[in-house]
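In this text, all values refer to a predicted model and were calculated from it rather than measured experimentally. Start at 1 and go down the list; that is how both ligands and their atoms are numbered. Values reported hereafter were calculated over all heavy atoms of this structure, with side chains retained and with hydrogens, waters and symmetry mates removed.
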Amino acid sequence: MDVIPFNRPYTTAHATSAMTDAAERGHLSGDGHYTKLANSLLRALTGSHRVLLTTSCTHALEMSAMLLGVGPGDEVIMPSFTFVSTANAFALRGATPVFVDIRPDTFNIDERLIEAAITERTRAIVVVHYAGVGCEMDEITDIAARHGLQVVEDNAHGFGGTYRGRNLGTIAPLATLSFHETKNIQCGEGGALLVNDESLFEDAEILREKGTNRSRFFRGQVDKYTWVSLGSSYLPSDLLAAYLVTQLEEFDEIQKRRMLVWQRYRSDLSSWAASAGFSLQHCPDDRNHPAHLFALIAPDLASRQALIAHLGDHAIKAVFHYVPLHSSPVGRTFGERHLPVTDDISDRLVRLPLFPTLDERQLDRIVSAVTSFG
Ligand SMILES: Cc1ncc(COP(=O)(O)O)c(C=O)c1O
């Protein structure tokens, strides 16, 4: 029996010819022909006016921390149920991540708990749209405005998702995307910073270009480029941008195929889940998710592990997800937090294979293996 992997990165038919073309153009560093194409496709797809391609979402988050001027003594509120990069980006600047629990229905930061975590040191709130299900952005934006805080959307999962008619990644002043091979749209390793607050754009360009005003030089706005602030190198090679462009051109097709898989799981597993004591992540009616992942919540840790093992016996790779940050060796150095929902969901969550080329035969196999459990 062939193994069904958890993820199989989708590669378009044109990916390699686009990369060959990028190589033949002779501009292999960042910000070449394909980076510009990728930026304009991203602008059109996200609706964000200012897009900077980066080497990863991790780096786009690090840029966000620097752009907001977060530093030692500052606190940044975020979920613990997230990837390490969300916290690392701010901790690397010397700030303290303050972990807040998640909602039991959407698995997103619980907006009702944010105000209690705000102190006179709080500078920002970082939200993560888990599985591309939007956070309670109206409430969070209100809280931030009342307390004079910045908001960053870690939108690693949510490219293509919407919240009350707005695209995820366009609501906060800064938002990040991931093009890691596990994401809907991918180029192996890559990301983007969406700069929705125009006043941050020039600083963002400089930061990404090693602290120089090189982009202004290339636009003919200055006659030489100069070291003008601290910065680093966050530009991906144009080779990777070429690969990414072919994915962005097939955005609708990729999303459609993922959604078909997601809907098949939902329609074929919902009644089994209810009878077996499992539940699904909730996506409120006022938002759309981009079918980034399909999660089942087991009744307890033992049954989650048993389901993963059962699927393994059927040559199907299912996986759990984030290990809470607040109780990790590094997380604990920022103080003790009691986050029961995070601990609980992290223990019980299992993700099923989800990629655009999963075929009917494989889906039949997965559905019948899951429904034969328990
Ligand atoms: C919520 C979240 N943020 C950030 C990242 C980091 O993305 P990248 O691998 O592009 O740096 C991930 C990676 O999976 C993630 O899940």
* Asked: Taking the hydrophobic residues Ile, Leu, Val, Met, Phe, Trp and Tyr, and joining any pair whose side-chain heavy atoms are under 4.5 Å apart, which ones share a cluster with W227?
  -> L230

* For V100, which fellow cluster members are found when Ile, Leu, Val, Met, Phe, Trp and Tyr are connected by side-chain heavy-atom distances below 4.5 angstrom, either directly or through intermediates? -> I77, V98, I109, L113, I114, I118, I125, V127, M137, I140, I143, L149, V151, Y163, L168, I171

* How about H321 and Y130: are their ring centres within less than 6.0 Å of each other? -> yes

* Determine, step by step, whether Q255 and N184 satisfy the side chain to side chain donor-acceptor pair (under 3.5 Å) criterion, reporting the C-alpha distance in whole Å, the side-chain angles of both residues, the deciding distance to 0.1 Å, and the verdict. => CA-CA 7 Å; Q255 300 293 89; N184 291 23; 3.1 Å; yes

* Looking only at side chains, do E198 and H49 share a donor and an acceptor under 3.5 Å apart? -> no

* **Sequence neighbours excluded, every pair satisfying salt bridge (Lys or Arg N to Asp or Glu O under 4.0 Å) that has a member inside residues 69-80** => D74-R123

Note down each nitrogen or oxygen pair, ligand 1 side and protein side, whose separation is under 3.5 Å; give only atom names and the distance to 0.1 Å.
{"from": "ligand 1", "atom 1": "3 (N)", "to": "D154", "atom 2": "OD1", "distance (Å)": "3.1"}
{"from": "ligand 1", "atom 1": "3 (N)", "to": "D154", "atom 2": "OD2", "distance (Å)": "2.7"}
{"from": "ligand 1", "atom 1": "10 (O)", "to": "C57", "atom 2": "N", "distance (Å)": "2.9"}
{"from": "ligand 1", "atom 1": "10 (O)", "to": "S178", "atom 2": "OG", "distance (Å)": "2.7"}
{"from": "ligand 1", "atom 1": "11 (O)", "to": "C57", "atom 2": "N", "distance (Å)": "3.4"}
{"from": "ligand 1", "atom 1": "11 (O)", "to": "T58", "atom 2": "N", "distance (Å)": "2.9"}
{"from": "ligand 1", "atom 1": "11 (O)", "to": "T58", "atom 2": "OG1", "distance (Å)": "2.5"}
{"from": "ligand 1", "atom 1": "14 (O)", "to": "K183", "atom 2": "NZ", "distance (Å)": "2.7"}
{"from": "ligand 1", "atom 1": "16 (O)", "to": "H157", "atom 2": "NE2", "distance (Å)": "3.1"}
{"from": "ligand 1", "atom 1": "16 (O)", "to": "Y322", "atom 2": "OH", "distance (Å)": "2.6"}

